[in-house]
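Please read all numbers here as calculations on a predicted model, not as lab measurements.
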Amino acid sequence: MSEPAVLTADAAPVPPKPETPWQRLRREFLANRLAVLGLVLLVVTVFVAVLAPWIAPQNPYDIGKLDIFDSKLPPGSHSADGAITYWLGTDGQARDLLSAIFYGLRTSLVVGGVSVLAALAIGSVVGLVAAYFGGWVDALLMRIVDIQLSFPAILVALILLAILGKGVDKVIIALIIVQWAYFARAARGAALVERAKEYVEAAQCMSLGWPRVLMRHMLPNCMPPLIVIATIDLAHAIALESTLSFLGVGVPVTEPSLGMLISNGFEFMLSGHYWISFFPGIALAVAIIGLNLVGDHLRDLLNPHHAR
C-alpha cells in the first residue's frame with residue numbers, strides 16, 4: 001500500500017528579529033562619520049593617557065633624567081647624549097614635549113572624569129529628590145541651583161581655588177562644585193516626566209521606600225539625558241581645568257597638565273619657540289573635539305524631538 005502524498009508548502013519567511021534600543025543606537029551612531037571620528041579621537045586620547053608610563057619616551061617629571069642643555073630644542077632634535085629623539089621638541093625645563101603631553105592628557109582626563117562622575121552623582125540625587133517630593137523641597141533645592149548657575153563657572157572656580165589652594169584634589173573639588181547644578185537641573189526635568197507615570201504610582205502603592213523608588217525605578221529611566229550631558233560636560237571640565245592651570249591657580253608646576261604645559265610655553269611664543277605651547281594646545285583641542293563630536297551626536301540620537 002502506497003503512502004499518502006505529503007503536501008508541502010513554502011515556508012513562511014521568518015520575520016527579522018527586532019532591534020534592541022542599544023543595537024539601534026549603535027547602528028545610527030556608526031552611520032555618522034563625524035561621530036565615528038570623534039569616537040576614534042576619544043579612544044586614542046584615552047589609550048595614550050592610560051599607557052603614558054609605558055609608551056612615553058621619557059618621564060618628563062623625573063628631574064634626575066632631565067638635562068638642562070636640552071631645553072627649548074626644536075622638533076626633531078636629539079638629546080645631548082643621542083639617546084632620545086625629541087619629535088615635538090622640548091620646553092624650557094628640558095622636558096620632552098611628546099612625553100609631557102602623554103602625561104598631561106592623563107592628568108586632564110582623570111581630573112575631568114572624576115569631577116564629572118561626582119557631579120553627576122550629586123546632581124542626580126538632588127534633581128530626583130526635588131522632583132519626587134515637590135513643594136518647598138523642590139523650591140529650596142532649585143533656588144540653590146539657580147544661584148549656582150547665575151555665576152560664571154570660571155569665576156566660581158577661581159574663588160574656590162583661591163580659598164583651597166593649588167593641587168589636583170583641590171581642582172577636582174572646585175569642578176564638582178561648579179558642575180553639579182547642571183546635572184541637578186537636567187535630572188529634575190527628566191524626573192518630573194517619570195514622576196507622572198504609572199509605575200511610580202504602583203511602586204508607592206506597594207509601600208516601597210522613596211530611596212528605592214528613586215534609585216531603582218526612576219533613576220535608570222532618567223539616565224540617557226544625563227549621560228549625554230556628562231559626555232559634553234567632560235569636555236567642558238577638561239577645558240576649565242586647563243584654563244585654571246594656565247592662569248596659575250590649578251595644578252602645581254610639578255604636576256603634568258595640558259594647561260600648565262601651554263602656560264609654560266606662553267612666555268616663549270614671541271621668541272620663536274612656538275612648539276612649547278602649540279603642540280599641547282593641539283592635544284587639548286583634539287581631546288575636546290572628540291568629546292564634543294561624540295556628545296553632540298548622542299544628544300541627537302537620544303532626544304525624542306530629533307528622532308527620525
Just verifying a value: how many Å separate [X] [atom1] and [Y] [atom2], rounded to the nearest 0.5 Å?
{"X": "Phe279", "Y": "Leu261", "atom1": "CZ", "atom2": "CG", "answer": "13.0 Å"}
{"X": "Leu258", "Y": "Tyr103", "atom1": "CG", "atom2": "OH", "answer": "14.5 Å"}
{"X": "Leu34", "Y": "Leu39", "atom1": "CG", "atom2": "CG", "answer": "12.5 Å"}
{"X": "Lys166", "Y": "Leu244", "atom1": "NZ", "atom2": "CG", "answer": "11.5 Å"}
{"X": "Lys72", "Y": "Leu97", "atom1": "NZ", "atom2": "CG", "answer": "13.0 Å"}
{"X": "Ile262", "Y": "Ile101", "atom1": "CD1", "atom2": "CD1", "answer": "9.0 Å"}

Using a 4.5 Å cut-off on heavy atoms from C-beta on, say whether the side chain of [Y] contacts that of [X].
{"X": "Asp96", "Y": "Trp87", "value": "no"}
{"X": "Leu291", "Y": "Ile238", "value": "yes"}
{"X": "Phe183", "Y": "Asp233", "value": "yes"}
{"X": "Arg106", "Y": "Val50", "value": "no"}
{"X": "Ser124", "Y": "Leu226", "value": "yes"}
{"X": "Tyr86", "Y": "Ser79", "value": "yes"}
{"X": "Trp275", "Y": "Leu88", "value": "no"}
{"X": "Asn264", "Y": "Gln93", "value": "yes"}

Would you kindly confirm whether [X] and [Y] end up in one hydrophobic cluster when ILVMFWY residues are joined by side chain heavy atoms under 4.5 Å apart?
{"X": "Leu51", "Y": "Val44", "result": "yes"}
{"X": "Ile55", "Y": "Ile84", "result": "no"}
{"X": "Leu155", "Y": "Leu247", "result": "no"}
{"X": "Trp136", "Y": "Val145", "result": "yes"}
{"X": "Val286", "Y": "Leu37", "result": "yes"}

At their closest point, which heavy atom of [X] faces which heavy atom of [Y], and how far apart are they?
{"X": "Gly112", "Y": "Ala237", "answer": "CA-CB, 4.0 Å"}
{"X": "Ser99", "Y": "Pro57", "answer": "OG-CD, 3.0 Å"}
{"X": "Ile68", "Y": "Gly92", "answer": "CD1-O, 4.4 Å"}
{"X": "Val178", "Y": "Ala153", "answer": "CG1-CB, 3.3 Å"}
{"X": "Ala118", "Y": "Ile176", "answer": "CB-CD1, 3.4 Å"}
{"X": "Pro60", "Y": "Arg95", "answer": "O-CD, 2.9 Å"}

Side chain [X], main chain [Y], donor-acceptor under 3.5 Å:
{"X": "Thr90", "Y": "Asp70", "value": "yes"}
{"X": "Ser77", "Y": "Pro74", "value": "yes"}
{"X": "Gln148", "Y": "Ile177", "value": "yes"}
{"X": "Lys170", "Y": "Ile163", "value": "no"}
{"X": "Ser263", "Y": "Met260", "value": "no"}
{"X": "Glu194", "Y": "Met218", "value": "no"}
{"X": "Asn292", "Y": "Ile288", "value": "yes"}
{"X": "Thr231", "Y": "Gly295", "value": "no"}
{"X": "Ser245", "Y": "Ser242", "value": "no"}
{"X": "Trp180", "Y": "Ala121", "value": "no"}

CA sep, side-chain torsions, deciding dist, call: Cys222, Leu128, side chain to side chain contact (heavy atoms under 4.5 Å, CB included): CA-CA 9 Å; Cys222 296; Leu128 288 171; 4.0 Å; yes
Audit row: Arg299, Asp296, side chain to side chain contact (heavy atoms under 4.5 Å, CB included) steps and yes/no: CA-CA 5 Å; Arg299 178 187 59 194; Asp296 287 345; 3.7 Å; yes
Parallel, tilted or perpendicular, as decided by the 30° and 60° cut-offs, for the rings of Tyr199 and His217: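 Judged by the thresholds at 30° and 60°, the geometry between His217 and Tyr199 is tilted.
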Geometric class of the Tyr182/His236 ring pair [parallel <30°, tilted 30-60°, perpendicular >60°]: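 Ring orientation of His236 relative to Tyr182: perpendicular.
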Between Ser257 and Glu241, a side-chain donor and acceptor under 3.5 Å: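 Per modelled atom types, Ser257 and Glu241 side chains form a pair under 3.5 Å.
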Heavy atoms of other groups near Phe266 CZ, more than 12 under 6.0 Å: no
His297 and Phe29 aromatic centres sub-6.0 Å: yes
Asp138/Arg188 ion pair, N-O < 4.0 Å: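 Yes.
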